[in-house]
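The structure under discussion appears below in the form of structure tokens.
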Amino acid sequence: MSMVVVLDLRKEEPARLGSRVLVVTDTERLATGQRVLQEVFSSRLVRSVLVVAVGSGLRLPPALDGESRRVLWVGDPRGILWDADTGEAAHGPGVSAEPVLIDLLTQPEVFDEVVSGLGDIPYGTASPGWRIVAGRIDADVLAQTFREVAERFDGPVQQDTAAFSSPLATALPVLSGAADLPADLLDALVPDGALDRLYRRAAGQLDRAARAVEDLGYFHAAQARAAAVDEVVAAGRALAEFRDTVARLFEQIDHTDEDAGERLASSGIKFATPAGMGHAEITAELRADVEAALAERKSLTRLVARLRLLADHSAPIGSAAFVDDLWRICPDPLLDALHVPAGYPATLAARFVFFRRSQAWWREQLALGQARTALDDLRSLLDRVAASEWMLGESRMHASDAARTLAAALGEIAAQVAGTLIDWSKAESGQAAAAPALDEEVTVRLRDRGGRLREVINGDLVDAVTGWLEPGWPALEQGSYRDVRAGLDGRVDETLRQYRYHLAHRGVQERPGFGTGDAGRQEFVDAMWRQSQQVVRALGAAANGQMLQLCGDRDLAMLLRQARAVRFAPRAVRGPGNPPGVVWTRSGQYAGTLRLVPVRPGTVEENWSEDGT
């Protein structure tokens with residue numbers, strides 16, 4: 001249902017028109033408003049126009065002549081208590097009710113019903129009166145709620161160590177280190193490639209050296225022992241060549257290098273982004289996890305901390321950071337023991353009397369077992385580094401940059417929302433809860449529901465975050481990180497503007513367009529309305545009974561005692577026991593009866609001049 005556009009002739013003209021236009025002016029400007037009114041009535045956008053004229057001496061310009069005339073005359077916005085049946089009158093509350101009347105008429109359902117009702121009244125002109133119960137949130141309660149929600153959005157950063165472990169997630173747990181690398185990635189060497197040949201040569205040489213040492217018997221020739229020593233030296237050289245080749249690759253190659261793929265391929269190392277680890281899959285998992293956290297009403301500060309942690313854990317550190325690990329696994333003293341093998345025991349006692357003990361001592365000094373363990377550990381480290389820093393390097397970088405970009409966007413959202421809520425809180429603080437012209441029972445009772453109100457508003461705004469992020473996901477998937485936040489502040493500002501209008505005109509019981517959760521909304525407001533006896537009495541008020549009539553005591557003589565009633569209430573009030581013909585509104589602000597009292601024939605002065613003279 002389209003909104004009601006308010007055109008106040010006492011202020012600047014609006015930038016746009018709509019299908020429903022509520023013209024508000026004082027009676028002096030109305031008489032001179034011919035040009036503006038003609039533009040409104042001639043616009044193809046406008047379907048119905050309702051004029052509220054405030055002040056004495058009602059004079060209507062030619063634009064309001066004929067069947068299209070729909071005018072509410074407010075002789076005195078402070079009003080007077082008047083019983084149309086008995087004619088009894090008493091002083092009103094002494095406070096202008098104009099803001100409440102405008103607020104009421106901007107509800108499309110009430111606007112349409114009033115326009116229709118004025119169509120059945122002679123000359124389409126009437127004085128409004130009412131008996132209304134206010135259901136607006138107390139201003140001080142609302143101000144406090146805005147402050148508390150602002151603190152939730154932009155409070156101290158809360159740590160969240162929870163892993164991104166959606167049941168559908170496969171990339172993020174691996175990239176962030178929360179899950180082991182897939183087994184199929186831990187085989188980095190191309191069969192019969194350069195590094196594979198170096199590895200197999202070192203392994204074969206170590207095996208031959210070990211067999212040569214084992215084959216030395218109790219009686220062996222010096223030439224056999226020398227041959228075994230040569231095998232040990234050759235094994236040391238092969239091991240050193242494998243370690244040093246891997247170290248050079250670790251130092252010189254980064255996954256971001258343009259020629260990284262070619263250089264790794266020439267070295268016999270696999271280099272390709274594994275299936276399921278592309279930008280699209282990573283972004284989809286991030287989106288699913290962020291939206292799930294928002295659906296669970298997780299605070300933005302916790303989500304920001306969680307994304308920053310993910311960014312830190314998934315960021316590639318580069319293969320060069322693992323060079324020291326190569327030297328730790330295969331230190332130079334180990335290679336020295338192979339390059340210059342320990343001498344075979346020279347004394348006769350050691351060689352012949354204690355042969356087995358001497359043989360074991362020599363094998364230990366040669367360190368062939370340690371060398372074989374070192375070779376296997378070097379290969380294992382190469383496989384892990386090739387997978388995490390080369391094959392997954394681009395994926396890890398995207399996960400890190402994407403998570404950090406999202407954290408920045410959410411931080412920006414949190415600060416903007418919190419700042420706006422603080423401004424709203426300042427605007428609400430100290431204002432009256434409702435005009436004295438209204439019954440306040442529901443408003444007063446809502447003051448005791450501040451905690452529930454906080455949950456409703458916080459839930460609505462957290463829901464809005466999902467929509468604010470929506471345009472940024474394609475840019476994030478493409479790696480256009482700067483574009484993710486493009487226009488974000490404008491989207492947030494526009495939604496907050498609409499939500500402020502929603503709270504003011506429709507109330508918290510009506511879910512906003514971007515809302516997805518109930519958050520106890522029905523329990524919160526419906527019970528307040530349905531438990532109110534004042535609402536029942538206001539809806540069933542006799543049209544000619546005592547009401548606040550928006551005119552002065554001198555204006556009563558100009559009114560007929562034949563009122564037409566427009567009964568309205570929020571949808572929350574729907575149920576058995578209500579009078580027939582109630583207009584159910586999306587707004588949660590007011591319930592009651594608005595009466596339209598026709599003016600006596602000849603009371604309204606028609607101004608037929610073009611300039612109002």
Side-chain angles (χ1 to χ4, degrees), residues 148-179 276 279-315 395-396 398-418 420-421 454-477 481 484-485 488-489 491-492 495-496 499 511-521:
E148 292 173 353
V149 176
E151 292 173 1
R152 284 195 180 188
F153 264 78
D154 202 25
V157 175
Q158 302 173 347
Q159 294 303 317
D160 188 347
T161 58
F164 280 73
S165 55
S166 165
L168 300 178
T170 56
L172 289 179
V174 170
L175 298 175
S176 63
H279 285 202
E281 292 86 354
I282 293 169
T283 304
E285 290 184 16
L286 269 174
R287 179 172 186 170
D289 218 284
V290 167
E291 291 183 350
L294 292 173
E296 295 171 6
R297 300 291 194 271
K298 293 287 184 66
S299 73
L300 263 61
T301 53
R302 292 182 66 89
L303 192 50
V304 166
R306 185 174 173 183
L307 287 164
R308 288 175 179 169
L309 192 65
L310 172 65
D312 291 341
H313 286 179
S314 58
S395 301
R396 294 183 65 187
H398 177 64
S400 179
D401 290 345
R404 207 172 298 282
T405 299
L406 280 174
L410 289 171
E412 181 179 318
I413 287 172
Q416 188 172 351
V417 170
T420 301
L421 289 172
R454 182 180 60 246
E455 295 304 318
V456 170
I457 293 179
N458 181 74
D460 285 345
L461 292 175
V462 170
D463 282 344
V465 176
T466 301
W468 293 331
L469 293 178
E470 176 70 31
W473 292 114
L476 197 67
E477 180 178 324
Y481 305 112
V484 172
R485 294 159 65 185
L488 179 60
D489 57 343
R491 294 195 296 274
V492 175
T495 302
L496 291 177
Y499 188 54
R511 181 185 300 174
F514 54 79
T516 61
D518 190 356
R521 194 186 309 274

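None of these values were measured; they are calculated from a predicted model.
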Could you report the tightest heavy-atom contact between [X] and [Y], atom names first, then the distance?
{"X": "Gly472", "Y": "Val484", "answer": "O-CG2, 3.7 Å"}
{"X": "Thr170", "Y": "Gly276", "answer": "OG1-O, 4.5 Å"}
{"X": "Ala293", "Y": "Arg306", "answer": "CB-NH1, 4.3 Å"}
{"X": "Val456", "Y": "Tyr499", "answer": "O-OH, 4.5 Å"}
{"X": "Asp460", "Y": "Phe514", "answer": "O-CE1, 3.1 Å"}
{"X": "Leu172", "Y": "Ala399", "answer": "CD2-CB, 4.2 Å"}

Min side-chain heavy-atom separation [X]-[Y] under 4.5 Å:
{"X": "Trp473", "Y": "Leu406", "result": "yes"}
{"X": "Arg404", "Y": "Asp312", "result": "yes"}
{"X": "Leu303", "Y": "Leu294", "result": "yes"}
{"X": "Leu286", "Y": "Leu310", "result": "yes"}

Any sub-3.5 Å donor-acceptor pair from Ser400's side-chain atoms to Arg396's backbone N or O?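 Here the side-chain-to-backbone pair does not exist.
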Indicate yes or no for a side-chain donor-acceptor contact from Glu285 to the backbone of Ala171 under 3.5 Å, with no hydrogens or angles considered.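 Yes, the answer is positive, given that a donor and an acceptor are paired below the 3.5 Å cut-off.
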Evaluation steps, side-chain contact (heavy atoms from CB on, under 4.5 Å), between Val417 and Val149: CA-CA 9 Å; Val417 170; Val149 176; 5.7 Å; no
First locate atom [atom1] of [X], then atom [atom2] of [Y], and finally report the distance between them rounded to the nearest 0.5 Å.
{"X": "Asn458", "Y": "Glu151", "atom1": "CG", "atom2": "CD", "result": "11.5 Å"}
{"X": "His313", "Y": "Arg308", "atom1": "NE2", "atom2": "CZ", "result": "14.0 Å"}
{"X": "Phe153", "Y": "Thr420", "atom1": "CZ", "atom2": "OG1", "result": "10.5 Å"}
{"X": "Leu410", "Y": "Leu300", "atom1": "CG", "atom2": "CG", "result": "5.0 Å"}

Check the pair Leu469 / Ile413 against side-chain contact (heavy atoms from CB on, under 4.5 Å), numbers first and verdict last. CA-CA 10 Å; Leu469 293 178; Ile413 287 172; 4.1 Å; yes
Quick test of your reading: applying side-chain hydrogen bond (donor to acceptor under 3.5 Å, both in side chains), list the pairs with at least one residue in residues 405-416, sequence neighbours left out, ordered by first then second residue.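 Sorted pair list: Glu412-Arg485.
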My understanding is that only residues two or more places apart in sequence, or in another chain, count here; which of them pass side chain to side chain contact (heavy atoms under 4.5 Å, CB included) with Asp154?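 Once residues adjacent in sequence are excluded, the partners of Asp154 under the side chain to side chain contact (heavy atoms under 4.5 Å, CB included) criterion are Ala414, Ala415, Ala418.
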Can you check side-chain contact (heavy atoms from CB on, under 4.5 Å) on Arg454 and Arg152, steps first, answer last? CA-CA 10 Å; Arg454 182 180 60 246; Arg152 284 195 180 188; 3.5 Å; yes
Under the side-chain contact (heavy atoms from CB on, under 4.5 Å) rule, what do Thr495 and Leu461 come out as? Steps first, then yes or no, please. CA-CA 9 Å; Thr495 302; Leu461 292 175; over 6 Å; no
Mind checking what makes ring pair (Phe, Tyr, Trp, His ring centres under 6.0 Å) contact with His279, not counting sequence neighbours?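 His398.
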